[in-house]
Engineer: 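Got a structure for you, written out below as structure tokens; questions coming shortly.
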Number of protein chains: 2
Amino acid sequence: MGLTKTEIFTEEQNQLSMLLKALAHPARIAILQQIIAAKACICGDLVDELGLAQATISQHLKELKNAEIIQGTIEGVKVCYCINPKTWKLLEKQFGRFLGSYQSVDSCC
Amino acid sequence: MGLTKTEIFTEEQNQLSMLLKALAHPARIAILQQIIAAKACICGDLVDELGLAQATISQHLKELKNAEIIQGTIEGVKVCYCINPKTWKLLEKQFGRFLGSYQSVDSCC
DNA sequence: CATTACAATCGTAATATTGCGATATATAAT
DNA sequence: ATTATATATCGCAATATTACGATTGTAATG
């Protein structure tokens with residue numbers, strides 16, 4: 001046990017939960033906010049900004065990259081990270097539809 | 001190690017990531033979709049609908065309840081679950097703001 | 001080529017999550 | 001009271017996550 005039964009869920013349910021999982025950590029939220037705030041793409045400044053070790057930041061970046069929420073391009077010694085617009089749009093669409101499917105009726109318990 | 005350093009993040013970052021974490025599982029997405037689809041609140045029908053054991057569903061419901069995304073009221077032997085409109089609105093607001101803070105500029109890497 | 005600087009990866013410890021059988025609890029029906 | 005039905009909880013095993021020190025890999029610079 002201990003592993004999610006992805007096979008019993010729909011493609012959409014799995015995809016959405018995967019994206020949300022990638023976002024579901026305060027450090028990763030903070031990282032994304034930093035990347036967005038710095039109009040240009042920042043790099044290892046994240047290590048200074050947040051109070052986490054370099055290895056930890058790198059690991060969080062990897063997860064965001066795996067989920068294709070961000071993309072990184074090598075710029076000499078540094079690496080430049082930025083939002084992947086395609087996934088961001090997908091997230092807006094998918095999660096928007098999910099959230100919108102509920103209309104507060106307050107006819108319930 | 002192995003525990004999130006919540007103290008170094010903002011209230012908002014922690015709150016948003018906590019809500020997203022509660023949603024970040026295909027079973028919990030499916031549960032919420034069921035609850036929303038059944039206009040009235042359904043109960044243990046979830047166990048039949050999804051292919052998971054009763055104990056597992058109950059545990060997922062507990063997590064959603066802890067995050068205050070759903071609320072349950074006892075109706076005789078059964079329990080009636082439904083969306084907590086307050087938290088749903090909060091989620092729409094917080095996550096909407098987060099998503100909206102990025103404007104696809106494609107001026108980047 | 002040696003050095004420096006940045007970032008990724010490895011290894012490890014602590015903790016959390018997922019799933020389920022078994023059991024407990026609580027209400028309803030007989 | 002006994003039985004049936006619906007949920008919650010406990011305990012466990014398998015796996016995943018989080019964090020970080022140490023190391024490795026790359027590329028620019030002296």
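In the text below, chain A, chain B and the rest are named by the order of the sequence lines, each starting its count at 1.
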Engineer: For Leu46(A) and dA19(D), give me the distance from atom CG to atom P, rounded to whole Å.
Structural biologist: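 My rounded result for the distance is 14 Å.
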
Engineer: Does Ile74(A) CD1 have over 12 foreign heavy atoms under 6.0 Å away?
Structural biologist: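 Not buried by this count: 12 neighbours or fewer within 6.0 Å.
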
Engineer: Give me, pair by pair, the N or O atoms of the protein and of nucleotides 3-9 of chain D that are less than 3.5 Å apart, along with how far apart they are.
Structural biologist:
unit_1 : atom_1 : unit_2   : atom_2 : d
dT7(D) : OP1    : Gly44(B) : N      : 3.3
dT7(D) : OP1    : Val79(B) : N      : 3.2
dT7(D) : OP2    : Gly44(B) : N      : 3.4
dA8(D) : OP1    : Tyr81(B) : OH     : 2.5
dA8(D) : OP2    : Ser58(B) : OG     : 3.1
dA8(D) : OP2    : Tyr81(B) : OH     : 3.4
dA8(D) : N7     : Gln54(B) : NE2    : 2.8
dA8(D) : N6     : Gln54(B) : OE1    : 2.9

Engineer: Are the side chains of Tyr81(A) and Lys65(A) in touch, meaning some heavy atoms are under 4.5 Å apart?
Structural biologist: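 Yes, side chains in contact.
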
Engineer: Heavy-atom distance under 4.5 Å between the side chains of Lys62(A) and Gln59(A), does that happen here?
Structural biologist: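 No. Closest side-chain heavy atoms not under 4.5 Å.
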
Engineer: For dT17(D) and His60(A) - does any side-chain N or O of the residue sit under 4.0 Å from the phosphate oxygens OP1/OP2?
Structural biologist: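 So the side-chain polar atoms of His60(A) never come under 4.0 Å of the phosphate oxygens OP1 or OP2 of dT17(D).
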
Engineer: Angle between ring planes, His60(B) versus His25(B), binned at 30° and 60°: parallel, tilted or perpendicular?
Structural biologist: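 The rings of His60(B) and His25(B) sit tilted, inter-plane angle from 30° to 60°.
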
Engineer: Between dA7(C) atom C1' and Ile57(A) atom CD1, what is the distance in whole Å?
Structural biologist: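 Rounded to whole Å, this separation is 12 Å.
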
Engineer: From CE of Met18(B) over to P of dA16(C), roughly how many Å is that when rounded to an integer?
Structural biologist: 14 Å

Engineer: Parallel under 30°, tilted from 30 to 60°, perpendicular over 60°: which one fits the rings of Tyr102(A) and Trp88(B)?
Structural biologist: perpendicular

Engineer: Quickly work out the Ile74(B) CD1 to dA26(C) P distance and round it to whole Å.
Structural biologist: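 The answer, rounded to whole Å, is 10 Å.
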
Engineer: Once you round it to whole Å, what is the distance between P of dT18(C) and NZ of Lys21(B)?
Structural biologist: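 In whole Å, dT18(C) P lies 9 Å from Lys21(B) NZ.
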
Engineer: For Glu7(A) and dT18(C), give me the distance from atom CD to atom P, rounded to whole Å.
Structural biologist: 15 Å

Engineer: Within the structure provided, determine whether Phe95(B) and Leu23(B) are in side-chain contact (heavy-atom separation under 4.5 Å).
Structural biologist: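 No - every pair of side-chain heavy atoms lies 4.5 Å or more apart.
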
